[in-house]
K.L.:
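Encoded as structure tokens, here's the structure I'll be asking about.
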Protein chains: 2
Amino acid sequence: MMTRYPHETRILVATDCIIFGFNGEELKLLIIKRNFEPEEGKWSLMGGFLHENEDLEAGAKRILYDLTGLNNIYVEQLGAFGKVHRDPVERTLSVAFFALINIHNHDQEAVKAHYANWVSLKNKPELIFDHDEMVTMALDHLRYNAALHPIGFELLPEEFTIPQLQKLYEAIYDMRLDRRNFSRKILSTGLLVDTGWKNEHSTTKKAVLYRLDKEKYQRKFYAFWNFIPNINPNHA
Amino acid sequence: MMTRYPHETRILVATDCIIFGFNGEELKLLIIKRNFEPEEGKWSLMGGFLHENEDLEAGAKRILYDLTGLNNIYVEQLGAFGKVHRDPVERTLSVAFFALINIHNHDQEAVKAHYANWVSLKNKPELIFDHDEMVTMALDHLRYNAALHPIGFELLPEEFTIPQLQKLYEAIYDMRLDRRNFSRKILSTGLLVDTGWKNEHSTTKKAVLYRLDKEKYQRKFYAFWNFIPNINPNHA
DNA sequence: CTGATTTGTGTCGGATACACACAATTTTTT
DNA sequence: AAAAAATTGTGTGTATCCGACACAAATCAG
């Protein structure tokens, strides 16, 4: 191939995926135990090199499909990580992707085949390269954006109860929320549709199952603006 | 150099800068008329290839310094643009950087030497490659983030009046704001310090000059949360 | 000095946020 | 069967905030 930028250096480009899930109690991160060099045996994010004729986002989706068997994952680009020596083997620029999945939907076999594990964010092992930095950034991103946009639903099953939703938010922000105010606020957005069913798993009073109004979800992507109070130290 | 990823493809990496300024009336964008191939004679963002031993952010700052002579520019990474054919000459991944500068501070000679021009956002020429897309994204980013964080000050001189600040916000959001509510809100953040001086340029009542409290700017980076009303179609 | 323009400050009514109380449903216990 | 325990659903009041709006002060042109 004839190139017209002959004197410039070309470098490797990879994508790494920060994949969050929620098990009903706490936030989980999907990471792999590497059975390949370099850093074999250590923990890292799932990632891979970008192919020659592959768009960035397509590369991320390929990697996500490989690991989870899922195609319709919520993905956002977090940003490029480009420190010269971030990969000690050879300079590699990595574009990090932020992903939210329903933890019960993924292909467990594929996950096993990649030696992948869901780990709690609170006691996750140290990761290779700058992957810890990426996870920190992704968690900040989640907290920041879940307060402004209704992206939290991506972590829940199709049908869910308001108490389940509240537990998700309490996990994300590591804080307790008032049940009554939470319910009122969430219902006032108009994003939830009563399915008419009730949660049969509960051992006490069965909560109503809701689903997300997908059409409103598009129109009201800003519905959570100012949703979580005092994330912002607006006062004092 | 011996590499351990022998079978992967390496690609060119560039950075492009979306540089905003404010002239007191409207938002401006700094772009260059290319006097080099490819696309010579057309308009584009200022950019360049990443050097072999240069960090990403350092590359962006180098390019910004080249063009403006400024070192302390407010810069954020916007994200990576990686479409396979975005540069028709050879595949190039570009990391876009968002920059805000005080339009009166830059080195006019350096700008001239690069055939650069400040253009109004409302009638900017078409740019090469995917640079128009980058500008659109940068403008969205500015609107989104200036509503949440006090970054607008980066576009103003050290000392400014509240009416000047209001004009800036009106330019960013292309809407009129109530003078009295704006003043009350802005002062209630505690970010502004009265310098004791007045704007001698005015031909009518001279407004008080304020400066930003830099220490509080750090502590209260969230002070503008919910600052611009109804950016969010929260209702209906 | 009068009028035009711009800047600074105040007020009022409606809406919203958050703290908190009570009623209803389901299973377990006695 | 009745009471207790756990969880879910709905209501109420007060303090605060938001946005609409009125008036006073400063500056200059004429």
Side-chain angles (χ1 to χ4, degrees), chain A residues 24-25 147-148 156 159-170 173 175-190 192-211 220 222-236, chain B residues 24-25 147-148 156 159-170 173 175-210 220 222-236:
Chain A
E25 291 297 328
L148 298 171
L156 292 179
E159 303 196 338
F160 52 85
T161 67
I162 291 186
Q164 280 176 349
L165 186 59
Q166 179 175 345
K167 278 197 175 148
L168 169 61
Y169 277 90
E170 291 182 337
Y173 297 102
M175 55 160 45
R176 302 300 309 271
L177 299 171
D178 184 275
R179 203 166 46 79
R180 298 152 287 189
N181 293 332
F182 183 86
S183 173
R184 185 158 29 76
K185 263 182 160 177
I186 215 80
L187 288 173
S188 76
T189 64
L192 264 48
V193 181
D194 190 331
T195 63
W197 299 84
K198 296 205 169 183
N199 181 12
E200 290 301 327
H201 294 293
S202 170
T203 162
T204 63
K205 179 168 178 178
K206 286 147 176 58
V208 173
L209 284 166
Y210 290 88
R211 62 174 181 75
K220 302 185 71 152
Y222 288 80
F224 280 22
W225 203 273
N226 226 26
F227 189 73
I228 297 294
N230 296 328
I231 281 223
N232 45 329
N234 216 339
H235 324 282
Chain B
E25 291 297 329
L148 298 170
L156 292 178
E159 304 195 339
F160 52 86
T161 68
I162 290 187
Q164 280 175 349
L165 186 60
Q166 180 175 343
K167 279 198 173 147
L168 169 61
Y169 277 90
E170 292 183 335
Y173 296 102
M175 57 159 45
R176 302 301 308 273
L177 299 171
D178 184 274
R179 204 165 47 79
R180 297 151 288 189
N181 293 333
F182 183 87
S183 173
R184 182 160 33 79
K185 264 182 158 177
I186 219 66
L187 288 173
S188 77
T189 65
L191 289 172
L192 265 47
V193 182
D194 190 332
T195 63
W197 300 84
K198 297 204 171 183
N199 179 12
E200 290 301 327
H201 294 293
S202 170
T203 162
T204 62
K205 180 166 178 179
K206 287 149 175 56
V208 174
L209 284 165
Y210 290 88
K220 302 185 71 155
Y222 288 80
F224 280 21
W225 203 274
N226 225 24
F227 189 73
I228 296 294
N230 297 329
I231 280 223
N232 45 330
N234 217 338
H235 324 285

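Within every chain, numbering begins at 1; the chains are lettered A, B, ... in the order of the sequence lines, protein sequences first and strands thereafter. It should be emphasised that the depicted structure is a prediction, and the values quoted were computed from it without experimental measurement.
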K.L.:
Could you state the CG-P distance from A:Asn181 to D:dT14, rounded to the nearest angstrom?
P.N.:
16 Å
K.L.:
Reading DNA chain C from 5' onward, which residue's closest nucleotide shows up sooner: B:Asp178 or B:Pro163?
P.N.:
B:Pro163
K.L.:
Take atom NZ of B:Lys167 and atom P of C:dT5, then tell me their distance rounded to the nearest Å.
P.N.:
14 Å
K.L.:
What closest approach, in Å, do B:Lys220 and B:Leu191 show between heavy atoms, and which atom pair accounts for it?
P.N.:
CB-CD2, 4.2 Å
K.L.:
On a plain distance test, is the side chain of A:Arg180 in donor-acceptor contact with the base of D:dG11 below 3.5 Å?
P.N.:
no
K.L.:
Does any N or O in the side chain of A:Tyr210 come within less than 3.5 Å of the main-chain N or O of A:Leu187, such that one atom is a donor and the other an acceptor?
P.N.:
no
K.L.:
Between D:dA6 atom C1' and A:Asn199 atom CG, what is the distance in whole Å?
P.N.:
14 Å
K.L.:
When the distance from CZ of A:Arg179 to C1' of C:dA23 is rounded to whole Å, what number comes out?
P.N.:
11 Å
K.L.:
Mind calculating the distance between CH2 (B:Trp197) and P (D:dA26) to the nearest angstrom?
P.N.:
20 Å
K.L.:
Please give, in whole Å, the distance from D:dT8 P to A:His201 NE2?
P.N.:
14 Å
K.L.:
Does a distance-only test, which skips hydrogens and angles, find a donor-acceptor pair under 3.5 Å between the side chain of A:Lys205 and the base of C:dT25?
P.N.:
no
K.L.:
Quick check: any donor-acceptor pair below 3.5 Å linking the side-chain of B:Arg184 to the base of D:dG19?
P.N.:
yes
K.L.:
Please give, in whole Å, the distance from C:dT7 P to B:Asp194 CG?
P.N.:
15 Å
K.L.:
Looking at D:dG19, I'd like to know if its phosphate oxygens (OP1 or OP2) sit under 4.0 Å from a side-chain N or O belonging to B:Lys185.
P.N.:
yes
K.L.:
Can you identify which nucleotide, out of D:dT27, D:dG19, C:dC20, has its nearest atom closest to the B:Lys206 side chain?
P.N.:
D:dT27
K.L.:
Nearest whole angstrom, please: distance from the P of C:dC18 to the CD1 of A:Ile186.
P.N.:
13 Å
